[in-house]
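See structure below.
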Amino acid sequence: MSRRVEVVIVGGGTAGWMAAAGLVGLLTPEICSVRLIESDEIGTVGVGEATLPQMRQFNDAIGIIETDMMRRTHATFKLGIEFVDWGTLEASYIHPFGAHGRPLGGAAFHHQWLRAAKHGHAYDLEDFSYAVAAARNGRFDFPSADHQQISSTYDYAYHLDASLYARYLRTFCESRGVRRTEGRVVEVNLHPESGDVASVQLASGELVAGDLFLDCSGFRALLIGEALASGWEDWSKWLPCDRALAVPCDRAGEFTPFTRSTAREAGWQWRIPLQHRTGNGYVFASSFIDADRAAEALMANLDGAAQAEPRLLRFSAGRRLRSWQGNCVAIGLASGFLEPLESTSIYLIQVAIQSLVKLFPDRTVDPALADEFNRLMDVEYERIRDFLILHYHANGRDDAELWRYCRAMAVPDSLRAKIELFTHRGHIPQYRTGLFSPPSWISVFIGQGLRAEHYDRLADNLPIEAVIGEMEEIRASIAARVAAMPAHAELVEDYCPSADPTPMQALA
Ligand SMILES: Cc1cc2nc3c(=O)[nH]c(=O)nc-3n(C[C@H](O)[C@H](O)[C@H](O)COP(=O)(O)OP(=O)(O)OC[C@H]3O[C@@H](n4cnc5c(N)ncnc54)[C@H](O)[C@@H]3O)c2cc1C
């Protein structure tokens with residue numbers, strides 16, 4: 001029998017600890033052993049607090065209990081993201097985790113919505129989304145498991161404290177055999193013939209060898225970038241934001257079951273409500289505003305008292321041409337960066353881990369596995385990239401340079417094709433892999449102010465009077481059910497009130 005694969009993870013941020021948790025949670029100890037090196041002196045990026053519903057599948061698969069994790073990371077529920085001032089000033093829409101209405105007469109709901117508008121019934125699309133109605137009313141409850149019910153048509157994710165989440169996963173991993181080494185990697189040694197990573201050297205002088213190395217060292221990309229020089233594809237011409245200022249403030253104002261993203265002069269501001277504080281940040285393009293002005297705008301728009309000075313982070317949009325090269329797999333910020341507008345980074349970490357587990361190599365790596373991993377990750381990155389660019393490009397704002405630049409810029413052909421498909425007849429491309437599904441594209445197309453000239457011809461199969469009747473019924477049913485849901489604050493207080501961050505479940 002072949003010896004188990006010795007995995008060395010460099011980095012103990014969200015990526016490093018999620019990778020360790022995924023490996024020990026999904027693979028048996030006979031397949032691999034896991035050792036993680038992290039440096040408290042260097043620390044983590046410490047942001048990354050809004051997630052997507054897919055995280056729940058990951059947690060379930062590795063055996064994390066929701067209430068326990070939520071209590072110890074002071075988490076709240078998230079039904080989607082509100083975009084304020086994005087399409088035009090003074091307008092807002094919610095991109096929910098869920099569908100609008102239900103198919104009518106064989107056509108997707110939004111086609112009937114477009115058709116109703118042509119017949120003089122200009123409904124607000126948001127009135128047909130259960131998640132939006134709950135979010136706008138500050139309510140939350142778990143989706144129904146009965147797929148016949150309208151209350152089954154949404155999903156949810158979390159807002160959580162990123163540092164506590166990494167700490168939570170660390171205890172979870174250590175209780176399952178992951179070996180943690182505190183230390184700073186000062187050198188990466190490559191095998192002279194294969195060019196693979198042979199070992200990493202710590203400042204203490206210790207040499208750590210392994211079969212498979214995961215580069216989770218964040219923006220530094222110590223292995224994949226510095227040592228292996230895997231190329232970088234730059235996307236900043238489409239996504240020009242390259243800085244963020246982050247600051248927590250006291251919990252105050254609404255306790256929203258959604259993230260808020262407010263477009264500002266040269267970027268956007270996030271608001272993420274946690275149980276013990278609210279996370280805030282201004283993501284901006286340094287070629288359109290300087291950091292001092294951005295900090296002023298951020299500090300002038302907090303709900304509660306700031307708990308610290310704003311912290312500046314630098315980045316640029318893009319990704320590694322090969323995240324898996326030889327025996328090194330980059331996960332997290334070391335593999336690429338897409339701004340947090342749609343909370344996609346932790347999702348990308350999760351997909352990388354799941355793909356790695358599926359394609360898990362022997363002690364000698366077959367290059368075909370790396371090729372397949374890179375192909376899958378390319379698809380994921382490019383789909384998210386297009387979706388993010390859409391938010392910037394389809395804007396009707398004329399008050400600031402960034403917005404004029406983004407409206408005029410040439411977008412990737414793949415996005416141009418999606419916009420044309422939608423504006424012609426309301427169609428949305430369907431694909432199996434990757435984010436985002438049609439309801440997401442619909443929310444953002446319509447929220448940003450794009451309209452389709454025609455609708456799906458199948459929609460005409462049902463008389464318009466019947467369609468209007470069904471639409472009225474769906475809208476009323478959502479409103480009535482949402483009115484009976486608990487308030488988000490009440491449910492959090494009941495279900496997962498903040499607790500000491502030490503994860504008792506993981507220690508048990
Ligand atoms: C402004 C901003 C907002 C974000 N918001 C979101 C969000 O809402 N949702 C979301 O999903 N994602 C978000 N992200 C992304 C998210 O923060 C990251 O994907 C996530 O934190 C993973 O980071 P990481 O583990 O790759 O890197 P890091 O957290 O930077 O961890 C790197 C690790 O490597 C270690 N390390 C580095 N060099 C060495 C060395 N020489 N020796 C030993 N150890 C070393 C560090 O000590 C650390 O442990 C955001 C990112 C930014 C910049």
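Whatever order the structure lists ligands and atoms in, that order sets their numbers, starting from 1. As the structure is a prediction and not an experimental result, all values here were calculated from the model.
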Between [X] and [Y] (salt bridge meaning N to carboxylate O under 4.0 Å), is one present in this structure?
X	Y	answer
Arg319	Asp378	yes
Glu41	Arg184	yes
Glu182	Arg180	yes
Asp371	Arg322	yes
Arg271	Glu82	no
Glu382	Lys418	no

May I ask which of [options] has a heavy atom nearer to [atom] than the others do?
atom	options	answer
atom 50 (C) of ligand 1	Leu52, Val47, Leu222	Val47
atom 13 (C) of ligand 1	Gly332, Gly279, Ala50, Gly48	Gly48
atom 30 (O) of ligand 1	Thr259, Val10, Ile346, Val45	Val45

Close approach of [X] to ligand 1, heavy atoms, under 4.0 angstrom:
X	answer
Trp17	no
Ala166	no
Phe337	yes
Ala162	no
Ser343	yes
Val283	no

Does a side chain donor of either [X] or [Y] reach within less than 3.5 Å of an acceptor in the other side chain?
X	Y	answer
Thr259	His159	yes
Ser335	Tyr381	yes
Ser199	Asn189	yes
Asn301	Tyr282	no

Any donor-acceptor N/O pair, Thr76 side chain to Pro273 backbone, under 3.5 Å:
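Judged by distance alone, yes, a pair lies under 3.5 Å.
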Among all the protein's non-hydrogen atoms, which is closest to [atom], and how far away is it?
atom	answer
atom 26 (O) of ligand 1	Leu333 N, 2.9 Å
atom 3 (C) of ligand 1	Pro340 CG, 3.4 Å
atom 38 (N) of ligand 1	Arg220 CD, 3.3 Å
atom 45 (C) of ligand 1	Ile42 CD1, 4.0 Å
atom 27 (O) of ligand 1	Gly218 CA, 3.4 Å
atom 1 (C) of ligand 1	Ala244 CB, 3.5 Å
atom 19 (O) of ligand 1	Ser345 CB, 3.2 Å
atom 37 (C) of ligand 1	Ser217 O, 3.5 Å

I need the atoms of ligand 1 closer than 4.0 Å to a non-hydrogen atom of [X], numbered in the order shown.
X	value
Cys216	32 (C), 33 (C), 34 (O)
Gly183	42 (N), 43 (C)
Ile349	19 (O), 22 (C)
Glu49	7 (C), 8 (O)
Ala15	22 (C), 24 (P), 25 (O), 26 (O)

Applying ring-ring contact (aromatic ring centres under 6.0 Å, His included) to Phe97 and Phe436, what does each step give before you reach the verdict?
CA-CA 10 Å; Phe97 298 139; Phe436 283 86; 9.1 Å; no
N/O to N/O below 3.5 Å, does that happen between [X] and ligand 1?
X	answer
Val185	yes
Ser39	yes
Arg184	no
Gly43	yes

Among Asp161, Asp250, Asp303, exactly one meets salt bridge (charged side-chain N to carboxylate O under 4.0 Å, His left out) together with Arg277. Which residue is that?
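Between Arg277 and the candidates, salt bridge (charged side-chain N to carboxylate O under 4.0 Å, His left out) is satisfied uniquely by Asp161.
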Using the side-chain contact (heavy atoms from CB on, under 4.5 Å) rule, take Ile94 and Phe83 through it: C-alpha gap first, then chi angles, then the decisive distance, then the call.
CA-CA 6 Å; Ile94 290 186; Phe83 291 93; over 6 Å; no
Begin from the C-alpha positions of Val197 and Leu228 and carry the test side-chain contact (heavy atoms from CB on, under 4.5 Å) through to its verdict.
CA-CA 8 Å; Val197 178; Leu228 297 173; 4.1 Å; yes
